[in-house]
Structures are given as C-alpha cells and as structure tokens.
Amino acid sequence: MALFHKVLRGTYILRKCSKPTSALHPFLGIRFADYSSSLQKPVASPGKASSQRKTEGGLQGHHQKEVALDITCPEEKPDVSFDKAIRDEAMDHFRRLKDEIVNHWKGPEGRPLQEALLEQAKVVWQFRGKEDLDKWRVTSDKTIGGRSEVFLKMGKNNQSALLYGTLSSEAPQDGESAHSGYCAMISRIPRGAFERKLSYDWSQFNTLYLRVRGDGRPWMVNIKQDTDFLQRTNQMYSYFMFTRGGPYWQEVKIPFSKFFFSNRGRIRDVQHELLLDKISSIGFTLSDKVDGPFFLEIDFIGVFTDPAHTEEFAYENSPELNPRLFK
C-alpha cells in the first residue's frame with residue numbers, strides 16, 4: 001500500500017504542472033497499469049510466484065526512482081537578480097570609459113597623431129547593414145498633426161540607405177499650425193561611457209562630401225554644433241543640395257564655408273562661422289511644398305580637404321550687424 005500511495009502521489013504532482021514532460025508521464029502510466037493489473041491476478045504456482053516477486057521487486061525499485069525524481073513545473077519563473085544587472089551595466093560602462101581614455105592617449109579616435117594629421121579624406125557614415133541605420137532617426141510633420149510620411153530602410157544589396165515617403169503640405173486642422181509639409185532624416189548624437197555626449201572633430205577638413213541618388217528634389221543639409229545651452233538648441237547651419245534625378249549616382253561637395261546660420265528655420269542677419277571641432281549631428285530635410293512621393297538614396301557621407309578651396313567664410317558682416325567682430 002505504501003508503494004501504491006507513492007505512485008499516486010507522483011502522478012498527482014505531474015498533473016499539477018501545466019505541461020507535463022512527455023518522456024516521464026507515459027512511462028509512469030505504463031508502469032502503474034502493469035502494477036495494478038498484477039495486484040488483481042490470482043495466486044499462481046510456486047515457480048511463477050518467485051518470478052512474480054522478482055518482477056514486483058524490480059517494479060518497486062523503478063517506481064521509487066521515478067517518484068524520487070525532482071519534478072519541476074514549467075510555471076516556475078527563473079530567478080532574476082536586479083543587483084547583478086546593475087553591476088553588469090556599470091562594469092560595461094567602466095570598460096568603455098577605459099577604452100576611451102586609452103584611445104585618447106594614443107591619438108584622435110585611437111590612431112597615432114601623425115596619421116590623423118595627414119588624413120585628407122574620411123568616411124563618417126556609410127550604410128552597409130542594419131547597425132548603420134540605427135545611427136539615424138526619421139521625423140515628419142506628423143509630430144504636429146500633419147500627413148507626411150517618411151521611412152528609412154536598406155537599399156539594394158545592402159549597399160546604401162533609402163529614404164522614401166510621401167510629402168503633404170496640408171496644414172493640420174488644429175487651429176494653431178498654418179504651415180506644414182516636411183520630412184527629415186537626422187543622425188543620432190554619439191554617446192560614450194555613462195551616456196556622455198560625444199562630438200565629431202572636422203577641424204582639419206573644409207568640405208562635406210556625399211554620394212547620393214535622388215528624384216530631382218532640392219534638399220536642405222543641416223549641421224548642428226555640440227552645445228549644452230538651452231537657447232542654442234534650435235540653431236543650426238544649413239545649405240542646399242540639389243539632386244538631378246535619374247538612375248545615376250552624383251557626388252555632392254559642399255564647402256563648410258557656404259553653410260549659413262539659422263535659428264528656428266529663419267536665416268539670421270548676423271552670420272557666424274561654423275565651428276568644426278564640435279559637430280554633434282547632420283540631417284537632411286525636404287520641404288519644397290510639392291506634394292507627392294519622394295526618395296533619396298545615400299551611399300556614404302564623409303569629409304575631405306580640398307586644396308583648391310581657400311575661402312574661410314562666404315558671408316559678409318558689417319559693424320551695424322555684428323559690432324563684436326569689428327572691435
């Protein structure tokens with residue numbers, strides 16, 4: 001009876017679990033049927049009784065092993081250590097901080113100083129996989145109630161980024177916004193250890209270099225400086241990029257001296273030179289008031305030094321507009 005009670009207890013534990021193990025449950029069912037049928041058999045001959053006792057002894061040993069198994073229910077959740085997660089995250093940030101310090105002592109971006117100073121061209125962004133798309137974000141006038149849509153995906157053969165969507169200049173019916181119709185693609189600000197803001201140093205270059213393919217629409221190229229001042233969050237430097245359309249790629253070269261200063265989308269009378277040692281992000285904006293589909297395919301974005309370009313600043317200032325420059 002004790003053995004019978006253990007078998008029943010084992011089957012009860014299995015039934016409590018939502019998903020019993022397929023290997024153990026049928027095995028217990030077969031053994032339980034054999035054992036219950038052996039209890040109902042009449043008394044056999046002495047020769048058969050000895051073999052029956054051996055069989056029952058073997059069954060008893062098997063049942064004791066099966067009942068003694070540690071049966072875990074799938075409903076049980078694994079232990080999650082919150083302290084361990086915080087410790088691992090902190091160790092990862094300290095490891096990244098150590099690498100940044102070592103690379104800083106070696107030179108710019110971990111390269112020897114002589115190699116960095118002699119560099120004439122540099123690819124800053126290229127698109128060869130999903131990890132390259134994660135460095136960018138897209139936005140449109142949907143944030144203010146507009147109807148423009150913009151998407152970003154990998155191009156053919158994963159060799160470019162394809163920015164596409166639909167532009168709509170219909171103003172939102174909210175009684176506040178009178179104008180609408182823009183789509184943009186903006187690079188994410190690079191982050192270091194402990195989520196510190198990093199910046200790009202392009203002070204040794206004088207020209208922005210892009211390889212693009214568009215549909216003939218004009219785009220605005222925007223560059224933002226790294227700043228922590230609240231009043232400068234909407235300030236940027238911009239210049240136009242005209243695409244030709246058609247199936248052929250075009251190489252666009254824009255000197256940094258051509259970028260003009262603007263604030264909240266308005267070109268300022270007082271112009272300032274773009275400081276290239278603290279660049280935080282770059283973006284592309286479409287807002288030509290032509291409703292309909294659009295696309296812009298980008299191969300890479302880089303900077304280089306054009307020895308033929310000697311202009312420092314393309315825009316004039318006067319003592320009336322900016323007296324600080326003439327003191």
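Excluded from the calculations below are hydrogen atoms, water molecules and symmetry mates; all remaining heavy atoms, backbone and side chain alike, are included. Nothing fancy with the numbering, it's 1 onward along the sequence.
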Roughly how far apart are [X] [atom1] and [Y] [atom2], rounded to 0.5 Å?
X      : Y      : atom1 : atom2 : answer
Lys278 : Leu198 : NZ    : CG    : 9.5 Å
Asp277 : Gln225 : CG    : CD    : 8.0 Å
Leu275 : Ser203 : CG    : OG    : 10.5 Å
Leu210 : Glu251 : CG    : CD    : 10.0 Å
His272 : Tyr315 : NE2   : OH    : 14.0 Å
Ser257 : Glu273 : OG    : CD    : 8.5 Å

Do [X] and [Y] sit in one hydrophobic cluster, given that two such residues count as connected whenever their side-chain heavy atoms are within less than 4.5 Å of each other, even indirectly?
X      : Y      : answer
Val138 : Ile189 : no
Leu162 : Met241 : no
Ile223 : Val123 : no
Ile186 : Leu286 : no
Ile267 : Met220 : yes

Is there a donor-acceptor pair closer than 3.5 Å between any side-chain N or O of [X] and the backbone N or O of [Y]?
X      : Y      : answer
Ser280 : Lys224 : yes
Thr207 : Ile254 : no
Arg137 : Arg188 : no
Thr143 : Ser140 : yes
Gln204 : Glu119 : yes
Glu149 : Thr166 : no
Gln250 : Phe242 : yes
Gln159 : Lys156 : no

For residues [X] and [Y], report the shortest heavy-atom separation together with the two atoms involved.
X      : Y      : answer
Pro307 : Thr305 : CD-O, 3.3 Å
Gly302 : Leu208 : O-CD1, 3.4 Å
Phe256 : Leu274 : CD2-CD2, 4.1 Å
Pro172 : Gly146 : CB-N, 4.3 Å

Would you say that more than 12 heavy atoms from the other residues, nucleotides or ligands in this model lie under 6.0 Å from the [atom1] of [X], or not?
X      : atom1 : value
Glu312 : CD    : no
Arg147 : CZ    : no
Gln173 : CD    : no
Tyr248 : OH    : no
His309 : NE2   : yes
Phe240 : CZ    : no

Mutual orientation of the aromatic rings belonging to [X] and [Y] [parallel < 30°, tilted 30-60°, perpendicular > 60°]:
X      : Y      : value
Trp136 : Phe127 : tilted
Tyr239 : Phe259 : tilted
Trp219 : Phe294 : perpendicular

Do [X] and [Y] come within less than 4.5 Å of each other through their side chains, counting heavy atoms only?
X      : Y      : result
Arg217 : Leu167 : yes
Val150 : Tyr182 : no
Ile301 : Ile298 : yes
Ser187 : Tyr200 : no
Ser262 : Met236 : yes
Arg196 : Leu97  : yes
Met154 : Leu133 : yes
Phe304 : Asp306 : yes

Requested in this report: Tell me, with the steps shown, if Gln235 and Arg268 meet side-chain contact (heavy atoms from CB on, under 4.5 Å).
Outcome: CA-CA 10 Å; Gln235 297 179 358; Arg268 310 304 297 178; over 6 Å; no
Query raised in the report: After noting the C-alpha distance and the side-chain angles of Val303 and Leu276, does the key distance pass the side-chain contact (heavy atoms from CB on, under 4.5 Å) rule?
Result: CA-CA 11 Å; Val303 290; Leu276 298 173; over 6 Å; no
Report task. Tell me, with the steps shown, if Glu297 and Asp299 meet side-chain contact (heavy atoms from CB on, under 4.5 Å). Result -> CA-CA 7 Å; Glu297 193 171 0; Asp299 183 9; over 6 Å; no
Report task. Determine, stepwise, if the pair Tyr164 / Phe151 fulfils ring pair (Phe, Tyr, Trp, His ring centres under 6.0 Å). Result -> CA-CA 5 Å; Tyr164 67 100; Phe151 307 96; 5.5 Å; yes
Query raised in the report: Any ion pair linking Arg87 and Asp92 (charged N to carboxylate O, less than 4.0 Å)?
Result: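 Result for this pair is no, no salt bridge flagged.
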**Report entry** Among Ser148, Ser168, Ser169, side-chain hydrogen bond (donor to acceptor under 3.5 Å, both in side chains) partner for Asp291
**Finding:**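 Among the candidates, only Ser169 passes.
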Query raised in the report: Have Asn222 and Ser238 got a donor and an acceptor in their side chains that come within less than 3.5 Å?
Result: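 Yes, because at least one side-chain N or O of Asn222 sits under 3.5 Å from a partner of the opposite role on Ser238.
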Query raised in the report: Are Asp141 and Ser180 linked by a side-chain donor-acceptor pair shorter than 3.5 Å?
Result: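 The answer is yes; a qualifying pair exists.
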Report task. Could you tell me whether Tyr209 and Phe300 have their ring centroids closer than 6.0 angstrom? Result ->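 They qualify: ring centres under 6.0 Å apart.
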**Report entry** Stepwise side-chain contact (heavy atoms from CB on, under 4.5 Å) test for Ile86 and Met91
**Finding:** CA-CA 9 Å; Ile86 295 179; Met91 291 299 296; over 6 Å; no
